[in-house]
Amino acid sequence: MSEQQHRSKSGFMTRAIHAGYEPDPTTGAVIPPIFATSTYKQDGVGGLRGGYEYSRSGNPTRTALEGAIAALEEGERGFAFASGLAAEDTLVRTTCRPGDHVVIPDDAYGGTFRLFDKVEKVWGVEHSPAPVSDVDAVRAAIRPGQTKLVWVETPTNPLLNIGDIEALAAVAHDAGALLVVDNTFASPYLQQPLTLGADVVVHSTTKYCGGHSDVVGGALVVRDLDLAERVAFHQNSIGAVAGPFDSFLVQRGLKTLGIRMDRHCDNAERVVEFLAGHAKVAQVIYPGLPEHPGHAVAARQMSRFGGMVSFRVAGGEEHALAVCDRAEVFTLAESLGGIESLIEHPGRMTHASVAGTDLEVPADLVRLSVGIETVDDLLADLDRALG
Ligand SMILES: *Cc1c(COP(=O)(O)O)cnc(C)c1O
């Protein structure tokens, strides 16, 4: 089957396994080799083989990953970076100039907020926070003529708020801005923002795409060829590219993304059910729960509700910290999206930097990244940790 057919006709798992790579013509290698090379022999001056000249500009292992992630997001072209934040910075410098403005989630991933607040601002790109779950608030935050990007995460972190991608795309486009969706929490298996009107998808491939907590990486996928050309120029000019070893690991992760996500979701659903019935739990936050304010939108735009679960512990911060300390199968650590279950206290860990601001999270909040272990062991661990 040709590359084009993989993109347009095949199912998700087939694309995840095959898109972006044809078995190597010289050896028949079924899996993309790790091309640990910085440069490429030319057949006479300017006679490039397959367009490869220098590995910042292009490397076959990275090309395979970029093709795969573009196919999974149903985009025109994908780009792999050294980290999620490197992808974000490259996108901002591609699309914004001094004096431009970006609307960001009022509960954006901390590193994204810091990038806009401490770095992009210095270079003249301003930002306004708005809640992604409130389309009118996002519209009101737009500065006509000045806003170039409407930046959305859905679900958000750690309160799992949901933004309506279709409605937000219309709001952005009305103002002549692009809609950027950070799809890290859902992964392309559960949600394809480009098919709902978004212009750019951002990933920290460190999380579900890589999926094994063994690599840091990022990606952009775009729908428009002209924007793709401009991103390609900036990716090469800035140079924060994914190396061949990292590209190999992320693509290896993508091949099993579908089965991992189904298991993450299965286990998360059981964890939610268990926590909802537990006397020491004050509130469970999960977009799959009918009482979650974003449930209807999530049900429309996601195929399932993901592996991230947050909950508030009865008895306040002290008890929330004790739960984190007592868990054993759930490892106490930041990050998310790997095969192993993680537990953390956002107020003291991932979100410590927003303490005392409007973005402060409840002190009794615990966040889980539910892994793919045997679910009974996860439930027993939570039961023990809750005491
Ligand atoms: C981790 C994360 C990022 C940043 O990605 P890095 O790979 O750590 O640079 C961006 N957005 C979200 C939602 C994340 O979880």
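When a ligand or atom number is given, it counts from 1 through the structure's own listing order.
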Undergrad: Under the salt bridge (Lys or Arg N to Asp or Glu O under 4.0 Å) test, which residues partner Arg260, sequence neighbours left out?
TA: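 Checked Arg260 against salt bridge (Lys or Arg N to Asp or Glu O under 4.0 Å); zero matches.
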Undergrad: Any idea which protein heavy atom is nearest atom 1 (C) of ligand 1, and the distance to it?
TA: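 It is Lys207 NZ, 1.5 Å.
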Undergrad: Is there a nitrogen or oxygen of Gly84 sitting under 3.5 Å from a nitrogen or oxygen of ligand 1?
TA: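 Yes; at least one N/O pair falls below 3.5 Å.
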Undergrad: Side chains of Asn161 and Ser133: any donor to acceptor distance under 3.5 Å?
TA: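 There is no such pair (donor and acceptor under 3.5 Å, judged by atom type) between the side chains of Ser133 and Asn161.
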Undergrad: Just by distance, with hydrogens left out, do His101 and Thr147 show a side-chain donor and acceptor under 3.5 Å apart?
TA: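 Yes, because at least one side-chain N or O of His101 sits under 3.5 Å from a partner of the opposite role on Thr147.
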Undergrad: If we only count N/O pairs under 3.5 Å, is Glu153 in contact with ligand 1?
TA: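 Glu153 vs ligand 1: no N/O contact under 3.5 Å.
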Undergrad: Near Ser204, which atoms of ligand 1 are under 4.0 Å from a heavy atom of that residue?
TA: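 Checking each atom against Ser204, I get 1 (C), 2 (C), 3 (C), 4 (C), 5 (O), 6 (P), 7 (O).
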Undergrad: Using a 4.0 Å cut-off to any heavy atom of Gly217, which atoms of ligand 1 qualify?
TA: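 Selected atoms, number and element: 7 (O).
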Undergrad: Does the ring centre of His295 sit less than 6.0 Å away from the ring centre of Phe305?
TA: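 Yes; His295 has its ring centre under 6.0 Å from that of Phe305.
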Undergrad: Would you say Glu73 and Asn183 are linked by a side-chain donor-acceptor pair, where the criterion is simply a distance under 3.5 Å?
TA: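 The answer is yes; a qualifying pair exists.
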Undergrad: Any nitrogen or oxygen of Leu336, side chain or backbone, less than 3.5 Å from one on ligand 1?
TA: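 Such a contact does not occur with ligand 1.
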Undergrad: Could you check whether any side-chain heavy atom of Leu321 comes within less than 4.5 Å of a side-chain heavy atom of Val323, counting everything from C-beta outward?
TA: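 A side-chain contact under 4.5 Å is absent here.
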Undergrad: For atom 4 (C) of ligand 1, which protein heavy atom lies nearest, and how many Å away is it?
TA: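 Of every protein heavy atom, Tyr109 CE2, 3.4 Å lies nearest to atom 4 (C) of ligand 1.
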Undergrad: To check your reading of the model: name the closest protein heavy atom to atom 12 (C) of ligand 1, its residue, and the distance in Å.
TA: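 Ranked first by proximity to atom 12 (C) of ligand 1 is Asp182 OD2, 3.4 Å.
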Undergrad: Does the N or O separation between Thr112 and ligand 1 drop below 3.5 Å for any pair?
TA: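 There is no such contact.
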Undergrad: Is the ring centre of Tyr54 less than 6.0 Å from the ring centre of Tyr40?
TA: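 No, too far apart.
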Undergrad: Under a 4.0 angstrom heavy-atom cut-off, which atoms of ligand 1 come close to Thr206?
TA: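 Selected atoms, number and element: 7 (O).
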Undergrad: Going by the rule salt bridge (Lys or Arg N to Asp or Glu O under 4.0 Å), which residues pair with Glu317 if we only count those two or more places apart in sequence or in a different chain?
TA: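 Arg348.
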Undergrad: Return yes when His203 approaches ligand 1 closer than 4.0 angstrom through a heavy atom, no otherwise.
TA: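 No; His203 lies far enough from ligand 1 that no heavy-atom distance drops under 4.0 Å.
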